[in-house]
Amino acid sequence: NGKMVSKGNDHIKIAADEEDQFGDDSPQVIDIVEAHRLQEIPDFAKKAWMGYIKGYMKRLKETMEKNGKDEAYVKSFMKNATELVKFIAGKYDEFQFFTGEQIDMEAGMAYAIYDEEAGGPKFYFFLDGLREEKF
């Protein structure tokens, strides 16, 4: 889950801090979006997204097969991915869509929806569509 943080503010708030003790007027950003330099795609039409996700899922399946994922794994992934696509499509207007810094529309996306219980956005990713980088 993501959380809202103050951009450019070196002070880390703790529960004991008074609300306006530090006069924080820094812009509020989502930590995951800021840390990974994600770019929001505003006004992404549902029809356009449906076309995108169909092509993306096809490319991702081909990549997994090419990289040696076994057939059972790919089949399970596609079943679960289809459920996530249906979930996103069902609540489409509640989601925010993010892409990487280069705004590569052939690459994967991050999907965020506000979660009342968590008090911030909940992010969804297609794990097999991510590339791990070690720092």
Side-chain angles (χ1 to χ4, degrees):
N1 291 338
K3 62 183 176 181
M4 299 302 289
V5 295
S6 295
K7 181 177 179 176
N9 185 348
D10 291 335
H11 175 73
I12 299 171
K13 291 183 180 182
I14 60 173
D17 286 346
E18 292 294 324
E19 188 67 29
D20 291 327
Q21 180 178 355
F22 296 96
D24 187 10
D25 58 354
S26 302
Q28 295 289 301
V29 296
I30 302 170
D31 59 349
I32 294 171
V33 172
E34 184 69 13
H36 299 284
R37 298 184 301 271
L38 300 177
Q39 303 298 311
E40 185 174 5
I41 302 172
D43 304 320
F44 195 17
K46 187 175 184 178
K47 186 175 180 177
W49 179 74
M50 293 299 284
Y52 157 81
I53 199 66
K54 183 178 179 182
Y56 177 71
M57 296 307 298
K58 181 180 177 189
R59 288 189 305 279
L60 187 52
K61 180 181 180 196
E62 291 169 356
T63 299
M64 289 191 304
E65 291 169 343
K66 185 177 88 178
N67 290 336
K69 298 283 185 182
D70 66 49
E71 186 178 334
Y73 180 89
V74 174
K75 186 176 181 179
S76 175
F77 172 84
M78 294 304 290
K79 179 181 178 283
N80 292 328
T82 299
E83 290 177 24
L84 179 57
V85 168
K86 288 178 183 176
F87 174 70
I88 294 170
K91 296 182 178 245
Y92 191 83
D93 292 336
E94 298 176 45
F95 271 90
Q96 288 178 281
F97 300 85
F98 296 91
T99 186
E101 187 174 24
Q102 301 301 318
I103 311 177
D104 180 359
M105 294 304 290
E106 297 293 312
M109 289 189 178
Y111 305 95
I113 188 169
Y114 188 79
D115 183 348
E116 284 287 332
E117 284 184 27
K122 186 173 192 175
F123 281 82
Y124 293 89
F125 303 89
F126 290 103
L127 184 59
D128 284 281
L130 299 176
R131 183 179 64 230
E132 182 179 0
E133 292 185 15
K134 295 184 180 185
F135 297 95

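Values below: every heavy atom of this structure, side chains too, minus hydrogens, waters and symmetry copies. Residue numbers start at 1 and run along the sequence shown.
For the atom pair Phe126 CZ and Leu84 CG, the distance stands at 4.5 Å (nearest 0.5 Å). Atom CD of Glu40 sits about 11.0 Å away from atom CD1 of Ile103, to the nearest 0.5 Å. Taking CZ of Phe123 as the reference point, atom CE of Met109 lies at 13.5 Å (rounded to 0.5 Å).
Across every non-hydrogen atom of Lys91 and Phe95, the tightest pair is O-CD1, 3.4 Å. Nearest heavy-atom pair across Gly129 and Tyr56 is CA-OH, 3.3 Å. In terms of heavy atoms, Leu38 sits closest to Gly100 at CD2-CA, 4.3 Å.
Listed by chain and number, the residues in a side chain to side chain donor-acceptor pair (under 3.5 Å) with Lys79 are Glu83 (sequence neighbours excluded). The side chain to side chain donor-acceptor pair (under 3.5 Å) search around Asp128 returns Tyr73, not counting sequence neighbours. Annotation: side chain to side chain donor-acceptor pair (under 3.5 Å) contacts of Glu62 (sequence neighbours excluded): none. Applying the salt bridge (Lys or Arg N to Asp or Glu O under 4.0 Å) rule to Glu106 yields the partners Arg59; only residues at least two apart in sequence or on another chain are considered. Contacts of Glu101 classified as side chain to side chain donor-acceptor pair (under 3.5 Å), with partners at least two apart in sequence or in another chain: Arg37.
Listed for the Thr82 side chain is a donor-acceptor partner under 3.5 Å among the backbone atoms of Met78.
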Identify all side-chain donor-acceptor contacts of residues 41-55 below 3.5 Å with residues at least two apart in sequence or on another chain.
| unit_1 | atom_1 | unit_2 | atom_2 | d |
| --- | --- | --- | --- | --- |
| Lys46 | NZ | Ala89 | O | 3.0 |
| Trp49 | NE1 | Tyr111 | OH | 3.4 |
| Tyr52 | OH | Ala107 | O | 2.6 |

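With hydrophobic clusters built from ILVMFWY side chains whose heavy atoms lie under 4.5 angstrom apart, Phe98 shares a cluster with Leu130.
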> Tyr92 and Phe97: ring pair (Phe, Tyr, Trp, His ring centres under 6.0 Å), yes or no, with the steps?
Replying inline: CA-CA 10 Å; Tyr92 191 83; Phe97 300 85; 4.8 Å; yes
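Between Val74 and Phe77, every side-chain heavy-atom pair lies at or beyond the 4.5 Å cut-off.
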